[in-house]
Every structure is written in structure tokens, then in C-alpha cells.
Amino acid sequence: MDERQLRILRELGELGSVSAVAEALLVTPSAISQQLRLLQRSVPVPLTERQGRRLVLTDAGQALAGAAVEVEAALARARGAVEGFLGRPDGEVSVAAFHSAGAAFFPPLLRALAAPGMPRVALADEDVPQEDFPRLTREYDLVLAHRLDHTPPWPRTVTATTLLREPLDVAMPAGHPLAAKRRVTPKDVADEPWITVHDGFPVLATIEAIAAAAGRRLHLAHRINEFAVVAEAVAAGGGIALMPRWTMRRHPDLVLRPLTGVRARRHIDALHRPERTARAAVRTVLTELRRAATTIQARDCQSLTAS
């Protein structure tokens, strides 16, 4: 067995089909099948089996795929040692983020890495459903992802560093009757029109929890994923919405009110494949993301105290 065969087995376990692995690795499905056959010859027990039309890993295949992660991490550390020997702390690091995280984290990250000798970042926005974030670690060194407090953890195929545990507050126009309250309950907001995200995105689960706590269905008037657009729609009287407390720039015509009776908080996590942090440049960028998270939270707390 060799590194490429182990990589293919690992990808098959994550992607679930030979064609998907071929597309991810930019080769033909027949080449993937051939490498799997060669790998199977070196192992005395079956690594894959058919389930209908899908090719899946057996228990032995899953065990070997798990070992493949360690192999790739070890090889990446070896390559990282060479990069360190050659003095490349300024290597390129690719970072993807969903929209509100990008707006909050990209500017301080760019400022922190502007000095000579620091890593060069290649930034991208990726607005995907929660379950698709781990797959992005195949394309990017670091992926800023979000999930709700009570949802299952990220799969073991990726490493997660929590940057923020951010409350989700109810946003409403400054002149709204509920703005006079310090906090609002599910029953307070159940009869309001709501602006919320599309299906498959984490915030929707909290909307469903509000409906369950209030004992009635909510009127979902508008479906908008981008919080900056949501803020403008709320300010224009289109409804109320759940908004992140720290990562959104404050809108002069809106107020945010904490929600009681429902767990309304999201994790903002930096996801990466374990082998990525073998590179010093990636570790430096991850450190700066942690520092930015501390600043974002502290700045918001200071502004609340001042107001």
C-alpha cells in the first residue's frame, strides 16, 4: 500500500462513491477503482462492500481509513519540517468563511498578517449548509463554520477549534413595541412575521425551537441567508429575525434583545484536516483567528457597557 491508495480509501469513506472520489482528486473513476484493487491485494480482509449501487467501507476499511489520517498527518509534518528548514513562515494559507464570519474575521486577520514575513492568506466566502462545511476542508487550509450549541459535533475527520460561542438575539426595529423589554420570550415573538434562513442552515433549528416553546407555528415571511440583508429588511419593517450578537456590525435602526426560554447560541469553529497544522503558516493564521475572536467579543462587551 502507498500514500495515494490510503488517501483514496479515506476519501471513499467520506464521499461515499468512486465517482465522487474521482471528481475530488481530478482523476477518472477507473483509476480510482484500479488503486482500490491494488490496495485490496495487500490486505487479507475485505476493505469495501456493495450496498445497493454504493461502494462503502467495511469495518476493516474504516479502520484503515482512520490510520490513513495519521499517515497523512505524519507525512504533512515531515513536509512541514522541510518547509521550516527552508524558512517559509510566509507560505500561503487558504481560509474560507461563511458571510458574517468573513465580515468579522477577515479584516482583523488581514491587518494582523500585513507585516513582512507573515503568512499570505487567500480568502474566500462559502455559504453552505452545516453538513457541508467539513467537505470544504478538502479545498481550504482553514474553514470558518457555524453550528448550533445543541447540534452534534463535527465529524472526527476534521479538527475543530471553537473561536466564539455567540448568542443569537432577536433583532427588531428600534421603535417596535417589544424594544421596550430587556429580554423577550418565545410567546412575545410568536405572532410576529419572521425573516429567517433557508432550509438546511443552523439558525432555522432555533426558529423551530421558538415555535415549539410558544406552542404555535411561526409565520416565516422572508427567507434570506445574508445577515446584512436581513438587517435592512428588519429595519424596513419586514419582520423580526435572529441575529448574531458579536459578528454583525450594529445597525442604527435596529435593537437586539436576548431571547429567554430557548437555547439560542451558535459556535463559530475553525475546521481543518489534522495534517494542515503541520505547517507553521497555518498555525500562525489559526493563532490570529483566536486573537481576533477575543477582540471581537471584548469590543462588543465594551460597547454594551458604554451604552
**Prompt:** Heavy-atom distance under 4.5 Å between the side chains of D253 and P173, does that happen here?
**Reply:** no
**Message:** Does this structure show an ion pair linking D188 with R257, if we count only N-O contacts that are shorter than 4.0 Å?
**Reply:** no
**Message:** Measuring only between side-chain heavy atoms, which start at C-beta, is F98 closer than 4.5 Å to T247?
**Reply:** no
**Prompt:** Under 3.5 Å, is there a donor-acceptor pair linking the side chains of E192 and H176?
**Reply:** yes
**Request:** For L57 and L47, run side chain to side chain contact (heavy atoms under 4.5 Å, CB included): C-alpha distance rounded to whole Å, both residues' side-chain angles, the deciding distance at 0.1 Å, then the answer.
**Result:** CA-CA 6 Å; L57 300 187; L47 298 175; 5.7 Å; no
**Asked** Which atom pair, heavy atoms only, marks the closest approach of A270 to L286?
**Response** CB-CD1, 3.8 Å
**Prompt:** Are F201 and H146 close enough that their ring centers fall under 6.0 Å?
**Reply:** no
**Request:** Determine which pairs satisfy side chain to side chain donor-acceptor pair (under 3.5 Å) with at least one residue from residues 220-233, sequence neighbours left out, and list them in order.
**Result:** H99-E226, D127-N225, D199-R223, E232-H251
**Prompt:** Should L123 and L110 count as side-chain neighbours, where that means a heavy-atom distance under 4.5 Å?
**Reply:** yes
**Message:** Would you say CD of E23 has more than 12 non-hydrogen atoms from neighbouring residues, nucleotides or ligands within 6.0 angstrom?
**Reply:** no
**Those residues that, when tested against T294, pass side chain to side chain donor-acceptor pair (under 3.5 Å) (two or more places apart)** = none
**Item:** Shared hydrophobic cluster, L168 / M248 (ILVMFWY, side-chain heavy atoms < 4.5 Å)
**Value:** yes
**Message:** Could you tell me if the side chain of V282 sits less than 4.5 Å from the side chain of H272, heavy atoms only?
**Reply:** no
**Message:** For the backbone of A76 and the side chain of R279, can you confirm whether one donor and one acceptor N or O come within less than 3.5 Å of each other?
**Reply:** no
**Request:** Please check if the side chain of Q40 supplies one atom and the backbone of V45 the other of a donor-acceptor pair under 3.5 Å.
**Result:** yes
**Asked** Are L6 and V18 connected, step by step, through hydrophobic side chains (Ile, Leu, Val, Met, Phe, Trp, Tyr) whose heavy atoms are closer than 4.5 Å?
**Response** yes
**Prompt:** How far apart are the C-alpha atoms of L242 and I210, what are their side-chain angles, what is the distance that settles it, and do they pass the side chain to side chain contact (heavy atoms under 4.5 Å, CB included) test?
**Reply:** CA-CA 11 Å; L242 285 177; I210 293 171; 4.3 Å; yes
**Request:** Give, for atom CG of L163 and atom CD of Q297, the distance between the pair rounded to the nearest 0.5 Å.
**Result:** 11.0 Å
**Request:** Walk me through it: do L178 and V189 pass the test side chain to side chain contact (heavy atoms under 4.5 Å, CB included)?
**Result:** CA-CA 8 Å; L178 291 176; V189 298; 4.0 Å; yes
**Asked** Do R120 side-chain atoms and D90 backbone N/O form a donor-acceptor pair below 3.5 Å?
**Response** yes
**Gap between atom CZ of R77 and atom OG1 of T277 - 0.5 Å precision** = 8.5 Å
**Asked** Are any of the side-chain heavy atoms of V285 and D141 separated by less than 4.5 Å?
**Response** no
**Request:** Taking the side chain as every heavy atom from C-beta outward, state whether I32 and V27 have any pair of such atoms under 4.5 Å apart.
**Result:** yes
**Message:** Ignoring hydrogens, what is the shortest heavy-atom contact between A221 and P193? Give both atom names and the distance.
**Reply:** CB-CB, 4.1 Å
**Asked** Is I268 reachable from Y140 through a run of hydrophobic residues whose side-chain heavy atoms are each under 4.5 Å from the next?
**Response** yes
**Asked** At their closest point, which heavy atom of A171 faces which heavy atom of V234, and how far apart are they?
**Response** O-CG1, 3.8 Å
**Request:** To the nearest 0.5 angstrom, please state how far the CD1 atom of I207 sits from the CH2 atom of W194.
**Result:** 4.5 Å
**Request:** Could you tell me which non-hydrogen atom of P29 sits nearest to which non-hydrogen atom of A22, and how far apart they are?
**Result:** N-CB, 3.6 Å
**Complete:** Residues at least two apart in sequence or cross-chain that pass salt bridge (charged side-chain N to carboxylate O under 4.0 Å, His left out) with R290, listed by chain then number, are none
**Distance in Å, L164 CG paired with L289 CG, rounded so as to fall on 0.5 Å steps** = 10.5 Å
**Request:** Check R10 against E72 and note the closest heavy-atom contact, atom names and distance.
**Result:** NH1-OE2, 3.1 Å
**Between CD on residue Q5 and CZ on residue R41, distance to nearest 0.5 Å** = 10.0 Å
**Message:** Between W154 and T137, is the side chain to side chain contact (heavy atoms under 4.5 Å, CB included) condition met? List the steps.
**Reply:** CA-CA 12 Å; W154 301 109; T137 61; over 6 Å; no
**Message:** Any non-hydrogen side-chain atom of E166 less than 4.5 Å from a side-chain atom of S100?
**Reply:** no
**Message:** Suppose the criterion is salt bridge (charged side-chain N to carboxylate O under 4.0 Å, His left out): which pairs have a residue in residues 147-157, not counting sequence neighbours?
**Reply:** R147-D269, D149-R263, D149-R265
**Asked** side chain to side chain donor-acceptor pair (under 3.5 Å) with E288: which residues, sequence neighbours excluded?
**Response** R291
**Message:** A side-chain contact here means heavy atoms from C-beta on lying under 4.5 Å apart; do V95 and F105 qualify?
**Reply:** no
**Message:** Please determine whether residues V71 and L38 belong to a single hydrophobic cluster, defined as Ile, Leu, Val, Met, Phe, Trp and Tyr linked transitively by side-chain heavy-atom distances below 4.5 Å.
**Reply:** no
**Item:** From R50 atom CZ to L55 atom CG, the distance as rounded to the nearest 0.5 Å
**Value:** 5.0 Å
**Request:** Sort out for me which residue in D2, L25, L12, V21 forms a side-chain contact (heavy atoms from CB on, under 4.5 Å) with R7.
**Result:** L25
**Message:** Which residues pass the salt bridge (charged side-chain N to carboxylate O under 4.0 Å, His left out) test with R273, not counting sequence neighbours?
**Reply:** E11, E14
**Request:** Give the cluster check for V56 versus V43: same hydrophobic cluster or not, with ILVMFWY residues linked at side-chain heavy-atom distances below 4.5 Å.
**Result:** no
